[in-house]
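See below for the structure under consideration.
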Amino acid sequence: MPQNAIDVASEILDDLVAANRILADQGILDAFGHVSIRHPNNPGHYLMSRWLAPALVTADDIVEYDLESVALTHSGLQLYSERYIHSEIYKVRADVHAIVHSHSPTVVPFGVTHAAFRPILHNAAFLGDFVPVFDIREKFGPTDMLVNRKERGTELARVLATHTTALMRGHGDVVVGSNIQNVVWRAYYTEINARMLAQAIGLGGGPIMYLSAEEAALTDVSMQRVEARPWKLWKQKALGRS
């Protein structure tokens with residue numbers, strides 16, 4: 001097999017490319033951020049692009065990594081420095097099969113203030129009743145804010161724990177999911193919930209009526225049944241084809 005070949009169905013790579021393009025098209029990823037999936041045939045590996053702006057990713061750019069974030073294909077190419085976000089979460093979360101790290105613009109302020117980040121929109125029910133904040137300085141002191149070392153990824157995974165989403169102070173967020181459609185939905189609606197919540201806070205008028213824990217749990221089950229609908233729309237727009 002050629003050195004850069006990855007032993008998965010072409011549809012898997014196509015969806016991973018689509019996820020990059022969709023999240024760029026929807027303004028969740030800019031020139032930075034990344035999307036990965038756990039290898040469907042080898043849970044000890046994951047797939048993610050080489051170092052590249054997400055809107056430019058093609059199937060030829062997808063690299064196979066082990067869970068030490070060592071590239072097993074595409075020797076000699078520059079890689080994302082923050083790939084340890086992905087490997088360290090995959091190590092401890094067997095339920096996670098896709099991850100997005102973004103600098104989602106409206107989410108960032110919630111990671112640097114005491115404003116509670118909880119779901120007010122039913123599409124964001126996956127947020128549950130608590131979203132943790134990873135503050136890199138709590139364990140590592142002053143840093144460049146990047147999760148570019150294994151130990152930083154390990155700590156982020158610890159803070160994320162069993163949640164779907166963690167905010168990263170002064171940096172962005174990480175969102176995990178059961179598959180590529182699920183994690184794209186979650187990354188998108190994390191940003192949409194932040195926009196709506198910021199508007200609600202700005203309106204004043206008393207306490208915010210968040211979804212309760214029970215509502216969030218029930219609604220998330222319902223929302224997972226309809227994830228294919230926006231995925232098909234977003235994919236057609238982002239790739240310019242059906």
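Reckoned from all heavy atoms, side chains included, excluding hydrogens, waters and symmetry mates.
The hydrophobic cluster containing I89 also contains F140, counting ILVMFWY residues as joined when their side-chain heavy atoms lie under 4.5 angstrom apart, directly or transitively. L77 and V17 are members of different hydrophobic clusters when ILVMFWY side chains are connected at heavy-atom separations under 4.5 Å. Side-chain heavy atoms closer than 4.5 Å link hydrophobic residues (I, L, V, M, F, W, Y) into clusters, and following such links, possibly through other members, connects L127 to I201. No continuous path of hydrophobic side-chain contacts links V159 to V108 [ILVMFWY only; heavy atoms under 4.5 Å]. M48 and V70 fall into different hydrophobic clusters, where Ile, Leu, Val, Met, Phe, Trp and Tyr are joined by side-chain heavy atoms under 4.5 Å apart, directly or via other members.
For E215, the side chain to side chain contact (heavy atoms under 4.5 Å, CB included) criterion is met by L211, S212, not counting sequence neighbours. Looking at residues two or more places apart in sequence or on another chain, you find a side chain to side chain contact (heavy atoms under 4.5 Å, CB included) between Q181 and N179, A228, W231. In terms of the side-chain hydrogen bond (donor to acceptor under 3.5 Å, both in side chains) criterion, residue partners of R50 (sequence neighbours excluded) are, by chain and number, D61. Residues passing the ring pair (Phe, Tyr, Trp, His ring centres under 6.0 Å) test with F134, sequence neighbours excluded: none. Evaluation of the ring pair (Phe, Tyr, Trp, His ring centres under 6.0 Å) rule for Y84 yields no partner, not counting sequence neighbours. Residues passing the ring pair (Phe, Tyr, Trp, His ring centres under 6.0 Å) test with F32, sequence neighbours excluded: none. With sequence neighbours excluded, the residues satisfying side chain to side chain contact (heavy atoms under 4.5 Å, CB included) with A71 are V63, Y65, L79. Residues passing the salt bridge (Lys or Arg N to Asp or Glu O under 4.0 Å) test with R195 are E191, sequence neighbours excluded. Applying the side chain to side chain contact (heavy atoms under 4.5 Å, CB included) criterion to V112, with sequence neighbours excluded, gives R169. With sequence neighbours left out, the ring pair (Phe, Tyr, Trp, His ring centres under 6.0 Å) criterion links H163 to F130. Remark: K150 pairs with E68 by the side-chain hydrogen bond (donor to acceptor under 3.5 Å, both in side chains) rule, at least two apart or across chains.
Within the 3.5 Å criterion, the main-chain N or O of Y80 finds a donor-acceptor partner in the side chain of R83. T164 places a side-chain N or O within 3.5 Å of a backbone atom of F126 that can act as its donor or acceptor partner. Using a distance-only test at 3.5 Å, with no hydrogens or angles considered, no donor-acceptor pair links the side chain of T106 to the main chain of A194. Side-chain N or O atoms of R186 include none that pairs as donor or acceptor with a backbone N or O of V175 at under 3.5 Å. One N or O on the side chain of R38 and one on the backbone of Y90 form a donor-acceptor pair closer than 3.5 Å.
Considering OG1 of T162 and CZ of R93, their distance stands at 6.0 Å, rounded to 0.5 Å. Summarising the geometry, atom OG belonging to S102 is positioned 8.5 Å from atom CG belonging to D30; distances are rounded to the nearest 0.5 Å. For the atom pair L156 CG and D135 CG, the distance stands at 12.0 Å (nearest 0.5 Å). Put simply, CG on N20 and CD1 on I180 are 7.5 Å apart, with the number rounded to the nearest 0.5 Å. Rounded to the nearest 0.5 Å, atoms CD (E227) and OH (Y189) are 10.0 Å apart. Atom NE2 of H39 sits about 5.5 Å away from atom CG of N41, to the nearest 0.5 Å.
Nearest heavy-atom pair, I62 versus L47, reported as atom, atom and distance to 0.1 Å: CG2-CB, 3.9 Å. The heavy-atom pair separating L197 from A116 by the smallest distance is CD2-O, 3.4 Å. Across Y46 and L67, no two heavy atoms sit closer than the pair CD2-CD2, 4.0 Å. Residues G33 and P54 come closest through the heavy atom pair O-CG, 3.5 Å. Residues N123 and W185 approach most closely at O-NE1, 3.0 Å, considering heavy atoms. Residues S69 and S87 approach most closely at OG-OG, 2.8 Å, considering heavy atoms.
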Output a table of donor-acceptor pairs, distance under 3.5 Å, between side-chain atoms of residues 21-29 and any protein atom two or more places apart or on a different chain; print 'none' if there are none.
unit_1 : atom_1 : unit_2 : atom_2 : d
R21    : NE     : A55    : O      : 3.0
R21    : NE     : V57    : O      : 3.1
R21    : NH2    : V57    : O      : 3.0

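For H171 and H101, the side-chain atoms include at least one donor-acceptor pair closer than 3.5 Å.
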Exercise for the section: Could you check K91 against E88 for salt bridge (charged side-chain N to carboxylate O under 4.0 Å, His left out), going step by step and ending with a plain yes or no? Expected result: CA-CA 5 Å; K91 281 181 183 177; E88 297 309 303; 3.0 Å; yes
I would like to know whether M168 and I85 meet side chain to side chain contact (heavy atoms under 4.5 Å, CB included); could you show each step before the answer?
CA-CA 11 Å; M168 302 167 69; I85 292 173; 4.2 Å; yes
Check: Does the side chain to side chain contact (heavy atoms under 4.5 Å, CB included) test come out yes or no for D129 and Y210, once each step is laid out?
Finding: CA-CA 8 Å; D129 61 350; Y210 300 99; over 6 Å; no
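Ion pairing of D14 with K235 is present here, as a side-chain N (NZ or NE/NH1/NH2) and a carboxylate O approach within less than 4.0 Å.
Within the 4.5 Å cutoff, the side chain of L233 has no heavy atoms near those of the R229 side chain.
Across V133, V100, V131, L167, a single residue satisfies side-chain contact (heavy atoms from CB on, under 4.5 Å) together with D173, and that is L167.
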